[in-house]
Structures are given as structure tokens and as C-alpha cells.
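Keep in mind that this is a model prediction, so the values were computed, not measured.
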Amino acid sequence: MKVLLLTGLGALFFAYYWDDNFDPASLQGARVLLTGANAGVGEELAYHYARLGSHLVLTAHTEAFLQKVVGNCRKLGAPKVFYIAADMASPEAPESVVQFALDKLGGLDYLVLNHIGGAPAGTRARSAQATRWLMQVNFLSYVQLTSRALPSLTDSKGSLVVVSSLLGRVPASFSTPYSAAKFALDGFFGSLRRELDVQDVNVAITMCVLGLRDRASAAEAVRGVTRVKAAPGPKAALAVIRGGATRAAGVFYPWRFHLLCLLRRWLPLPRAWFIRQELNVTAAAAA
């Protein structure tokens, strides 16, 4: 029985990750609004889309970094690329960003939500003030961007691509407000997918579960707390793009995260043991 179960899981993963019918040409001329495009996975997403010939609007908090990414996208062959600096901690920013994209591109085929705000890991990050800030940046701004862009995506039969985290599926220590925001994303977009389906609205939603972001701010936030290595930005970004282009319901990178999410309710004690192996509990408690 165990052999059959393992064989079945292996076949499932093979079919999920290799038979995705990805056609790079489908992204040529696609109109893409990408948030969090200034570094890490977001920067690599911008470069992949540029190579594939997509029309881009990029946004992030820091204008200087955005200008660098925009210049690189033009060198890589992006037909159109615009940027708008915006702070997603401001409730007014999401609507202005979407309106800017609609004005520049005439509509949207893809809304790729990738921006994050991370409080330092550790017990001091559990304050109500830190939680409110994280919920605005990591959850409420996603809702606002989606609500404003949804009419255009409905017209184009487009796609919502939501870059989330393993911490939105499996709770972990010393990440309380961040994990709460990521769980909220999973609940909101899971429910929205069902609503769109029953209303016959042809907008795909792809939830992407990634590991530790490959960027300096992410590494600094968990320095001394976790032993987990960051996911390589270019590979993670390509997995996100493939999932969005094929209208997949979910993307897991690295792939083992899918197995961990499947087993989280079946084997709670082994899961807790594995999580403890990736934490420096002494350092986290002292933070």
C-alpha cells in the first residue's frame, strides 16, 4: 500500500511540474502589471517578461531601483515598459497604480502581485502596530489592486498571479503577523476563484507558494533565526511565469513545498519536527 501511495504521489508531481503546456509565445504582447519589481523574484520576473516580449508596467517603493530594472528590461527587448513608484502601505497607492497601468497599456492581461513588506523576525514583531502595517502591505493592498484591475482582466479573460509564501499554508514560529497576512491571501483568493467560477467569469487565479525570497531584505529579516536557504530568483520567477501563462491553480517552488502542504494535516508531528530543524530557536527567542 505504501509503495502504491508513493508511486501515485510521484506520478502526480511529475504530471504537475512537467506537463504544463507552456507556450512562451503566448506572452508576446501581453499587458502585464507587476508589483514588487525592484529586486529579488520581482526583478527576475520583469526580466523574463521582457525577454518574452510583454508590455510592462512595473511598480515598487524605490524609484532608483525601478529605473535600473526598467533600463535592463528595455535592453532585453521589452516593447513597452513603464514604471510608477508607490508605497503600498498607503491606502491610496493601489488604485493609482492600476489606473496608471490602464492608461499606459490600454488594459491588462496579467496582474502579478509580488510586493512584500516584512517586519524583522522575532517576538518583537508581534505588536498590533506591526501587524496593521503588514496587513495593509501584504494583504489589503492586494485586495485593492485586484478589485480595481478585475474589470479589465474580465474583459481580456486575463490572469491574476499571486506570489505568496509557504508561511501562508504552513504556520511557523516567529513569523506571526507575516504568516497571518499570507494566510489571509490564501483565503481571499481561494474564495474569489470560486466566486468567479460560479459567475462564469473567465479570469484565472494562480497562487504561487515560494520559499525564502532571494533578496537582501528577506535574508536580513531572518538572519540568525532560520537555516533555510533562499530560493534562486531566476528559477523561482520562471516557475511563477509558467504557472500564470498556463492558468495553473497553484505553483510551488521548490516543489517539495507541495508535499509539505499536502502532509500538513496528515502528519502534524513530523511536520513540526521538520520546521524545528530549520529554526535557530535560541536566536529567535532572543530577538
Legend entry - Asn72 and Tyr47: side chain donor to acceptor below 3.5 Å: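 Judged by distance alone, the side chains do pair up.
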Inset, instruction - Consider only side-chain N and O atoms of Gln136 and Gln144, and report whether a donor and an acceptor are under 3.5 Å apart. - result: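 Per modelled atom types, Gln136 and Gln144 side chains form a pair under 3.5 Å.
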Less than 4.5 Å apart, side chain to side chain, heavy atoms only: is that true for [X] and [Y]?
X      : Y      : value
Val143 : Phe188 : yes
Ile205 : Arg247 : no
Leu27  : Phe22  : yes
Leu113 : Phe189 : yes
Val70  : Gln67  : no
Asn114 : Leu34  : yes
Leu102 : Ser152 : yes
Glu43  : Lys68  : yes

Taking all non-hydrogen atoms of both residues, which atom of [X] and which atom of [Y] are closest, and how far apart?
X      : Y      : answer
Phe139 : Ala184 : CE1-O, 3.5 Å
Thr59  : Ala86  : OG1-CB, 3.7 Å
Tyr110 : Gly244 : CE2-O, 3.7 Å
Ala101 : Val57  : CA-CG2, 3.9 Å
Leu145 : Pro94  : CD2-O, 3.5 Å
Ser156 : Leu108 : OG-O, 2.6 Å

Inset, instruction - Output yes when a side-chain donor or acceptor of Asn138 lies under 3.5 Å from a complementary backbone atom of Gly117, and no otherwise. - result: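 Here the side-chain-to-backbone pair exists.
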Inset, instruction - Would you check if the side chain of His48 reaches a backbone N or O of Pro234 as a donor-acceptor pair within less than 3.5 Å? - result: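 Yes.
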When rounded to the nearest 0.5 angstrom, what is the spacing between [atom1] in [X] and [atom2] in [Y]?
X      : Y      : atom1 : atom2 : answer
Cys208 : Arg242 : SG    : CZ    : 13.0 Å
Leu134 : Ser179 : CG    : OG    : 11.0 Å
Ser54  : Lys80  : OG    : NZ    : 12.5 Å
Leu153 : Arg31  : CG    : CZ    : 9.0 Å
Ser164 : Phe183 : OG    : CZ    : 9.5 Å
Leu58  : Leu45  : CG    : CG    : 10.0 Å

Inset, instruction - Report yes or no: do Val32 and Leu238 belong to one cluster of Ile/Leu/Val/Met/Phe/Trp/Tyr joined by side chain heavy-atom distances under 4.5 Å? - result: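 In one cluster: no.
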Legend entry - Same apolar cluster (I L V M F W Y, side chains within < 4.5 Å links), Val41/Phe65: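 Hydrophobic grouping puts Val41 apart from Phe65.
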Legend entry - Val163 and Met207: CA distance, side-chain angles, deciding distance, side-chain contact (heavy atoms from CB on, under 4.5 Å) verdict: CA-CA 6 Å; Val163 180; Met207 292 296 297; over 6 Å; no
Inset, instruction - Report, as yes or no, whether the 6.0 Å neighbourhood of atom CD on Gln99 holds more than 12 heavy atoms from other residues, nucleotides or ligands. - result: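 Count over threshold, so yes.
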Legend entry - Within 6.0 angstrom of Arg51 CZ, more than 12 heavy atoms from elsewhere: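 Yes, because the 6.0 Å sphere around CZ of Arg51 holds more than 12 heavy atoms from other groups.
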Inset, instruction - Describe, in one word, how the ring planes of Phe82 and Phe100 are oriented to each other, choosing from parallel (under 30°), tilted (30 to 60°) and perpendicular (over 60°). - result: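 Ring orientation of Phe82 relative to Phe100: perpendicular.
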Legend entry - Intermediate values then yes/no, side-chain contact (heavy atoms from CB on, under 4.5 Å), Thr206 and Thr246: CA-CA 9 Å; Thr206 300; Thr246 57; over 6 Å; no
Inset, instruction - Apply the test side-chain contact (heavy atoms from CB on, under 4.5 Å) to residues Leu160 and Thr146: give CA-CA distance (whole Å), side-chain angles for both, the deciding distance (0.1 Å), then the verdict. - result: CA-CA 8 Å; Leu160 273 162; Thr146 299; 3.7 Å; yes
Inset, instruction - Determine, step by step, whether Thr35 and Val112 satisfy the side-chain contact (heavy atoms from CB on, under 4.5 Å) criterion, reporting the C-alpha distance in whole Å, the side-chain angles of both residues, the deciding distance to 0.1 Å, and the verdict. - result: CA-CA 6 Å; Thr35 70; Val112 185; over 6 Å; no
Legend entry - Aromatic centroids of Tyr142 and His115 separated by under 6.0 Å: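 Distance test on ring centres: under 6.0 Å, yes.
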